Engineer: 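A single structure is presented below for examination.
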Amino acid sequence: MLTKLLKHEWKETWRIPALCCAIVILMTLTAVICFTRMSPPAKADELNAGAFVLMMFYVMTITCISFVLTLYVAVRFYRNLYTDQGYLMHTLPVTPRQLLVSKLLVSTVWLFIVTLLVLWAIFMILIFALPVMVLEDMNLSFSFFMKYAAEYSDALFGMSLPAFIVFNFFYFLVSSMSSALVIYGSISLGQMFSKHKVMGSVLCYIGVTILIQTVTSFAMTPYLTKIVITNRSVSIGPGIPDFMGSFMRNTFIFSFIASVVTGVACYVLSEYLMKKQLNLD
(Lines give C-alpha, C1' and ligand atoms only; values in the text may rest on other atoms or scores of the structure.)
Protein backbone atom coordinates (compact mmCIF):
# COMPACT_ATOMS: atom_id res chain seq x y z
CA MET A 1 0.00 0.00 0.00
CA LEU A 2 2.93 2.32 0.66
CA THR A 3 3.98 1.99 -2.98
CA LYS A 4 0.52 3.06 -4.13
CA LEU A 5 0.61 6.03 -1.76
CA LEU A 6 4.02 7.05 -3.11
CA LYS A 7 2.82 6.86 -6.71
CA HIS A 8 -0.32 8.85 -5.88
CA GLU A 9 1.63 11.48 -3.94
CA TRP A 10 4.18 11.89 -6.73
CA LYS A 11 1.47 12.15 -9.38
CA GLU A 12 -0.43 14.77 -7.39
CA THR A 13 2.55 16.94 -6.41
CA TRP A 14 5.18 16.87 -9.18
CA ARG A 15 3.95 19.85 -11.22
CA ILE A 16 4.79 22.78 -8.95
CA PRO A 17 8.20 21.44 -7.80
CA ALA A 18 9.11 20.61 -11.41
CA LEU A 19 8.09 24.14 -12.42
CA CYS A 20 10.28 25.59 -9.66
CA CYS A 21 13.24 23.52 -10.89
CA ALA A 22 12.64 24.59 -14.49
CA ILE A 23 12.51 28.26 -13.47
CA VAL A 24 15.80 27.95 -11.56
CA ILE A 25 17.51 26.34 -14.56
CA LEU A 26 16.13 28.84 -17.09
CA MET A 27 16.92 31.85 -14.90
CA THR A 28 20.45 30.62 -14.26
CA LEU A 29 21.16 30.07 -17.96
CA THR A 30 19.65 33.46 -18.80
CA ALA A 31 21.73 35.18 -16.11
CA VAL A 32 24.89 33.46 -17.36
CA ILE A 33 24.22 34.69 -20.90
CA CYS A 34 23.67 38.23 -19.62
CA PHE A 35 26.85 38.17 -17.54
CA THR A 36 28.95 36.88 -20.46
CA ARG A 37 27.81 39.88 -22.53
CA MET A 38 28.85 42.39 -19.86
CA SER A 39 32.23 44.03 -19.37
CA PRO A 40 33.95 44.97 -16.10
CA PRO A 41 33.98 48.65 -15.06
CA ALA A 42 36.62 50.97 -16.49
CA LYS A 43 38.15 51.89 -13.12
CA ALA A 44 39.30 49.70 -10.26
CA ASP A 45 37.26 51.61 -7.67
CA GLU A 46 34.02 51.32 -9.62
CA LEU A 47 31.32 48.66 -9.56
CA ASN A 48 29.38 47.32 -12.51
CA ALA A 49 25.96 48.44 -11.34
CA GLY A 50 24.12 46.43 -14.00
CA ALA A 51 25.84 43.18 -13.00
CA PHE A 52 25.27 43.90 -9.32
CA VAL A 53 21.54 44.63 -9.76
CA LEU A 54 21.11 41.53 -11.93
CA MET A 55 22.88 39.36 -9.37
CA MET A 56 20.77 40.73 -6.48
CA PHE A 57 17.57 40.23 -8.46
CA TYR A 58 18.65 36.71 -9.33
CA VAL A 59 19.51 35.84 -5.71
CA MET A 60 16.19 37.19 -4.42
CA THR A 61 14.26 35.28 -7.07
CA ILE A 62 16.04 32.01 -6.29
CA THR A 63 15.36 32.59 -2.58
CA CYS A 64 11.66 33.18 -3.32
CA ILE A 65 11.48 29.97 -5.38
CA SER A 66 12.97 27.97 -2.50
CA PHE A 67 10.44 29.56 -0.15
CA VAL A 68 7.57 28.76 -2.53
CA LEU A 69 8.55 25.09 -2.62
CA THR A 70 8.81 24.94 1.19
CA LEU A 71 5.41 26.60 1.48
CA TYR A 72 3.95 24.15 -1.05
CA VAL A 73 5.22 21.20 1.01
CA ALA A 74 3.52 22.64 4.09
CA VAL A 75 0.22 23.44 2.35
CA ARG A 76 0.09 20.02 0.72
CA PHE A 77 0.60 18.24 4.03
CA TYR A 78 -1.95 20.40 5.83
CA ARG A 79 -4.69 20.21 3.19
CA ASN A 80 -4.27 16.53 2.52
CA LEU A 81 -4.26 15.35 6.14
CA TYR A 82 -5.91 18.01 8.31
CA THR A 83 -8.74 19.50 6.24
CA ASP A 84 -11.76 17.89 4.56
CA GLN A 85 -9.39 15.72 2.52
CA GLY A 86 -8.08 14.35 5.80
CA TYR A 87 -11.38 12.61 6.53
CA LEU A 88 -10.87 10.55 3.37
CA MET A 89 -7.13 9.97 3.80
CA HIS A 90 -7.47 8.75 7.39
CA THR A 91 -10.24 6.31 6.48
CA LEU A 92 -8.11 4.56 3.88
CA PRO A 93 -6.78 1.08 4.78
CA VAL A 94 -3.36 2.53 5.58
CA THR A 95 -1.57 3.45 8.79
CA PRO A 96 -0.60 7.01 9.83
CA ARG A 97 3.02 5.92 9.41
CA GLN A 98 2.43 5.01 5.76
CA LEU A 99 0.72 8.35 5.13
CA LEU A 100 3.56 10.23 6.80
CA VAL A 101 6.35 8.28 5.10
CA SER A 102 4.83 8.61 1.62
CA LYS A 103 4.61 12.38 1.93
CA LEU A 104 8.03 12.61 3.57
CA LEU A 105 9.85 10.69 0.83
CA VAL A 106 8.30 12.69 -2.02
CA SER A 107 8.90 16.03 -0.28
CA THR A 108 12.49 15.07 0.54
CA VAL A 109 13.25 14.25 -3.08
CA TRP A 110 11.98 17.62 -4.33
CA LEU A 111 13.62 19.63 -1.54
CA PHE A 112 16.90 17.82 -2.19
CA ILE A 113 16.72 18.44 -5.94
CA VAL A 114 16.03 22.13 -5.46
CA THR A 115 18.87 22.38 -2.94
CA LEU A 116 21.31 20.91 -5.47
CA LEU A 117 20.00 23.25 -8.17
CA VAL A 118 20.45 26.27 -5.90
CA LEU A 119 24.03 25.23 -5.12
CA TRP A 120 24.68 24.81 -8.85
CA ALA A 121 23.15 28.24 -9.49
CA ILE A 122 25.37 29.88 -6.85
CA PHE A 123 28.42 28.21 -8.35
CA MET A 124 27.52 29.50 -11.82
CA ILE A 125 27.02 33.03 -10.49
CA LEU A 126 30.43 32.95 -8.83
CA ILE A 127 32.06 31.95 -12.10
CA PHE A 128 30.30 34.41 -14.41
CA ALA A 129 29.11 37.37 -12.28
CA LEU A 130 32.11 38.26 -10.12
CA PRO A 131 34.60 38.75 -13.00
CA VAL A 132 32.40 41.44 -14.61
CA MET A 133 31.40 43.16 -11.38
CA VAL A 134 34.80 44.69 -10.56
CA LEU A 135 37.95 45.52 -12.50
CA GLU A 136 40.07 42.60 -11.35
CA ASP A 137 41.85 39.81 -13.19
CA MET A 138 39.69 36.94 -11.92
CA ASN A 139 40.29 33.55 -13.44
CA LEU A 140 37.14 32.03 -11.93
CA SER A 141 36.68 28.95 -14.07
CA PHE A 142 35.47 25.49 -13.11
CA SER A 143 38.99 24.11 -13.41
CA PHE A 144 40.29 26.90 -11.15
CA PHE A 145 37.76 26.14 -8.43
CA MET A 146 38.42 22.42 -8.62
CA LYS A 147 42.19 22.90 -8.50
CA TYR A 148 41.94 25.33 -5.58
CA ALA A 149 39.51 23.09 -3.67
CA ALA A 150 41.62 19.98 -4.26
CA GLU A 151 44.79 21.75 -3.09
CA TYR A 152 43.37 23.43 0.01
CA SER A 153 40.47 21.12 0.86
CA ASP A 154 42.08 19.83 4.06
CA ALA A 155 42.92 23.36 5.18
CA LEU A 156 39.42 24.67 4.39
CA PHE A 157 37.15 21.75 5.32
CA GLY A 158 39.29 19.38 7.35
CA MET A 159 38.79 16.59 4.82
CA SER A 160 39.75 15.68 1.27
CA LEU A 161 37.68 17.01 -1.63
CA PRO A 162 36.06 13.61 -2.47
CA ALA A 163 35.17 13.11 1.20
CA PHE A 164 33.77 16.65 1.36
CA ILE A 165 31.56 16.05 -1.71
CA VAL A 166 30.26 12.70 -0.43
CA PHE A 167 29.64 14.08 3.06
CA ASN A 168 27.70 17.08 1.76
CA PHE A 169 25.63 14.90 -0.55
CA PHE A 170 24.32 12.97 2.45
CA TYR A 171 24.17 16.09 4.61
CA PHE A 172 21.91 17.94 2.17
CA LEU A 173 19.79 14.81 1.78
CA VAL A 174 19.34 14.49 5.54
CA SER A 175 18.82 18.23 5.88
CA SER A 176 16.06 18.16 3.25
CA MET A 177 14.32 15.34 5.11
CA SER A 178 14.75 17.13 8.43
CA SER A 179 13.30 20.36 7.00
CA ALA A 180 10.20 18.53 5.80
CA LEU A 181 9.80 16.81 9.18
CA VAL A 182 10.05 20.12 11.05
CA ILE A 183 7.21 21.40 8.87
CA TYR A 184 5.16 18.25 9.49
CA GLY A 185 5.75 18.36 13.23
CA SER A 186 4.78 22.03 13.44
CA ILE A 187 1.58 21.49 11.44
CA SER A 188 0.66 18.47 13.56
CA LEU A 189 1.20 20.52 16.72
CA GLY A 190 -0.86 23.36 15.28
CA GLN A 191 -3.86 21.06 14.91
CA MET A 192 -4.04 20.78 18.69
CA PHE A 193 -5.35 24.35 18.79
CA SER A 194 -9.14 24.51 19.07
CA LYS A 195 -9.26 27.54 16.75
CA HIS A 196 -6.95 29.24 14.24
CA LYS A 197 -5.08 26.05 13.43
CA VAL A 198 -3.12 27.58 10.56
CA MET A 199 -1.86 30.41 12.75
CA GLY A 200 -1.09 27.86 15.44
CA SER A 201 0.97 25.84 12.97
CA VAL A 202 2.90 28.94 11.90
CA LEU A 203 3.61 29.87 15.52
CA CYS A 204 4.70 26.29 16.27
CA TYR A 205 7.06 26.36 13.28
CA ILE A 206 8.60 29.63 14.44
CA GLY A 207 8.90 28.31 17.98
CA VAL A 208 10.45 24.99 16.92
CA THR A 209 12.91 26.77 14.62
CA ILE A 210 13.98 29.19 17.37
CA LEU A 211 14.33 26.29 19.81
CA ILE A 212 16.52 24.34 17.40
CA GLN A 213 18.75 27.34 16.71
CA THR A 214 19.04 28.18 20.41
CA VAL A 215 19.97 24.64 21.43
CA THR A 216 22.45 24.39 18.55
CA SER A 217 24.07 27.70 19.48
CA PHE A 218 24.44 26.73 23.14
CA ALA A 219 25.85 23.35 22.19
CA MET A 220 28.43 24.95 19.89
CA THR A 221 29.44 27.69 22.34
CA PRO A 222 32.09 25.68 24.28
CA TYR A 223 33.78 24.58 21.08
CA LEU A 224 33.75 28.10 19.59
CA THR A 225 35.15 29.49 22.84
CA LYS A 226 37.98 26.97 22.75
CA ILE A 227 38.76 27.93 19.15
CA VAL A 228 38.97 31.63 20.06
CA ILE A 229 41.15 31.01 23.10
CA THR A 230 43.60 28.62 21.44
CA ASN A 231 43.75 30.42 18.07
CA ARG A 232 47.35 31.20 17.15
CA SER A 233 46.42 33.15 13.98
CA VAL A 234 48.86 31.09 11.89
CA SER A 235 48.09 30.93 8.17
CA ILE A 236 48.55 27.59 6.41
CA GLY A 237 47.32 28.77 3.01
CA PRO A 238 46.31 31.93 1.14
CA GLY A 239 44.38 33.66 3.92
CA ILE A 240 43.38 30.36 5.60
CA PRO A 241 43.85 30.24 9.41
CA ASP A 242 45.33 27.06 10.83
CA PHE A 243 42.14 26.24 12.79
CA MET A 244 39.81 26.53 9.79
CA GLY A 245 39.96 22.85 8.76
CA SER A 246 39.13 21.37 12.15
CA PHE A 247 36.52 24.07 12.81
CA MET A 248 34.64 23.46 9.56
CA ARG A 249 34.84 19.68 9.88
CA ASN A 250 33.44 19.70 13.40
CA THR A 251 30.77 22.21 12.40
CA PHE A 252 29.67 20.01 9.49
CA ILE A 253 29.54 16.93 11.70
CA PHE A 254 27.63 18.75 14.42
CA SER A 255 25.14 20.15 11.88
CA PHE A 256 24.63 16.66 10.44
CA ILE A 257 23.94 15.20 13.89
CA ALA A 258 21.60 18.10 14.73
CA SER A 259 19.64 17.50 11.52
CA VAL A 260 19.30 13.79 12.31
CA VAL A 261 18.17 14.41 15.90
CA THR A 262 15.73 17.13 14.84
CA GLY A 263 14.29 14.97 12.07
CA VAL A 264 13.83 11.94 14.32
CA ALA A 265 12.18 14.02 17.05
CA CYS A 266 9.77 15.69 14.62
CA TYR A 267 8.97 12.37 12.96
CA VAL A 268 8.12 10.73 16.29
CA LEU A 269 6.02 13.76 17.25
CA SER A 270 4.13 13.81 13.95
CA GLU A 271 3.39 10.09 13.98
CA TYR A 272 2.27 10.16 17.61
CA LEU A 273 -0.10 13.09 17.06
CA MET A 274 -1.55 11.48 13.92
CA LYS A 275 -2.14 8.20 15.79
CA LYS A 276 -3.21 9.37 19.23
CA GLN A 277 -4.24 13.04 18.99
CA LEU A 278 -5.77 13.41 15.53
CA ASN A 279 -7.99 16.50 15.44
CA LEU A 280 -9.90 17.23 12.19
CA ASP A 281 -12.52 19.55 13.70
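Heads up: numbering here begins at 1 and tracks the sequence. Here the structure is a predicted model, which means the values were calculated and not measured.
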Engineer: Is it true that Val174 and Phe169 fall in one hydrophobic cluster, defined by side-chain heavy atoms closer than 4.5 Å?
Structural biologist: yes
Engineer: Applying the 4.5 Å side-chain criterion to the ILVMFWY set and letting contacts propagate, would Met192 and Ile206 be lumped into a single cluster?
Structural biologist: no
Engineer: Output all residues satisfying side chain to side chain contact (heavy atoms under 4.5 Å, CB included) with Val118, sequence neighbours left out; order by chain, then residue number.
Structural biologist: Ile62, Ser66, Val114, Ile122
Engineer: Is there a side-chain contact between Ser188 and Phe77, using heavy atoms and a 4.5 Å cut-off?
Structural biologist: yes
Engineer: Using side-chain heavy atoms (C-beta onward) and a distance below 4.5 Å, is Cys20 in contact with Tyr72?
Structural biologist: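 Not touching, per the 4.5 Å side-chain cut-off.
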Engineer: Return the CE to CE distance between Met274 and Met89, rounded to the nearest 0.5 Å.
Structural biologist: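 Spacing of CE (Met274) from CE (Met89) equals 8.5 Å.
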Engineer: Which residue pairs satisfy the salt bridge (Lys or Arg N to Asp or Glu O under 4.0 Å) criterion with at least one member in residues 101-129, sequence neighbours excluded?
Structural biologist: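 For residues 101-129, and leaving out neighbouring residues, the salt bridge (Lys or Arg N to Asp or Glu O under 4.0 Å) pairs sorted by first residue read Glu9-Lys103.
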Engineer: Side chains of Trp10 and Val109: does their closest heavy-atom pair fall under 4.5 Å?
Structural biologist: yes
Engineer: Can you check whether Ile212's main-chain N or O pairs, donor with acceptor, with Thr216's side chain at less than 3.5 Å?
Structural biologist: yes
Engineer: Which heavy atom of Tyr205 sits nearest a heavy atom of Ser186, and at what distance?
Structural biologist: CA-OG, 3.2 Å
Engineer: Do side-chain atoms of Ser270 reach the backbone of Gly185 as a donor and acceptor pair under 3.5 angstrom?
Structural biologist: yes
Engineer: For Lys275, which residues count as a salt bridge (charged side-chain N to carboxylate O under 4.0 Å, His left out) partner, sequence neighbours excluded?
Structural biologist: Glu271
Engineer: Taking C-beta and beyond as the side chain, do Met159 and Met248 meet within less than 4.5 Å on heavy atoms?
Structural biologist: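 When only atoms from C-beta onward are counted, Met248 and Met159 do not touch, as no gap falls below 4.5 Å.
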Engineer: Using 0.5 Å steps for rounding, measure from the CZ atom of Phe57 to the CG atom of Leu54.
Structural biologist: 8.5 Å
Engineer: In Å and rounded to the nearest 0.5 Å, what is the CD1 to CE distance from Ile25 to Met124?
Structural biologist: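 Nearest 0.5 Å value for the CD1-CE distance: 11.0 Å.
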Engineer: With Ala219, which residues qualify under side chain to side chain contact (heavy atoms under 4.5 Å, CB included), at least two apart?
Structural biologist: Phe254
Engineer: For the hydrophobic clusters of this structure (ILVMFWY residues joined by side-chain heavy atoms under 4.5 Å, transitively), does one cluster hold both Phe157 and Phe170?
Structural biologist: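 Shared cluster, yes.
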Engineer: I'd like to check Leu269 versus Tyr184 (side-chain heavy atoms, cut-off strictly below 4.5 Å). Are they in contact?
Structural biologist: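 Of all side-chain heavy-atom pairs linking Tyr184 with Leu269, none is under 4.5 Å.
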Engineer: Please evaluate residues Thr28 and Tyr58 with respect to the criterion side-chain hydrogen bond (donor to acceptor under 3.5 Å, both in side chains), reporting the C-alpha separation (whole Å), side-chain torsions for both, the decisive distance (0.1 Å), and the verdict.
Structural biologist: CA-CA 8 Å; Thr28 303; Tyr58 175 81; 2.4 Å; yes
Engineer: Does the Gln191 side chain pair with the main chain of Ile187, one donor and one acceptor, at a distance under 3.5 Å?
Structural biologist: yes
Engineer: Between Phe252 and Phe164, what is the ring plane arrangement, given parallel below 30°, perpendicular above 60°, and tilted in between?
Structural biologist: tilted
Engineer: Could you tell me the separation between the CG atom of Leu203 and the CZ atom of Phe193, rounded to the nearest 0.5 Å?
Structural biologist: 6.0 Å
Engineer: Looking at residues at least two apart in the chain, or sitting in another chain, which of them share a side chain to side chain contact (heavy atoms under 4.5 Å, CB included) with Thr214?
Structural biologist: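 Ile210, Phe218.
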Engineer: Between Thr91 and Leu88, is there a donor-acceptor pair closer than 3.5 Å when you use the side chain of the first and the backbone of the second?
Structural biologist: yes
Engineer: Under 3.5 Å, is there a donor on one side chain and an acceptor on the other for Tyr82 and Ser201?
Structural biologist: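 No, because no side-chain N or O of Tyr82 sits under 3.5 Å from a partner of the opposite role on Ser201.
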Engineer: Taking side chain as C-beta onward, heavy atoms only, is Trp14 less than 4.5 Å from Trp110?
Structural biologist: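 Touching, per the 4.5 Å side-chain cut-off.
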Engineer: Would you mind telling me which of Thr83, Ile183, Val73 makes a side-chain contact (heavy atoms from CB on, under 4.5 Å) with Tyr78?
Structural biologist: Thr83
Engineer: Counting distance only, does the side-chain N/O of Ser179 pair as donor-acceptor with the main-chain N or O of Ser175 below 3.5 Å?
Structural biologist: yes
Engineer: Can you confirm whether Pro17 sits close enough to Ile113 that some side-chain heavy atom of one is under 4.5 Å from a side-chain heavy atom of the other?
Structural biologist: no
Engineer: Determine yes or no for a side-chain-to-main-chain donor-acceptor pair under 3.5 angstrom, with Thr262 supplying the side chain and Ser259 the backbone.
Structural biologist: no
Engineer: With side chains defined as the heavy atoms from C-beta onward, is the minimum distance between Arg249 and Ile253 less than 4.5 Å?
Structural biologist: yes
Engineer: Say you draw a straight line from CG of Leu29 to SG of Cys34; how long is it, rounded to the nearest 0.5 Å?
Structural biologist: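 Separation between the atoms: 11.0 Å.
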Engineer: Taking only residues two or more places apart in sequence, or in another chain, which ones meet Phe256 in a ring pair (Phe, Tyr, Trp, His ring centres under 6.0 Å)?
Structural biologist: Phe167
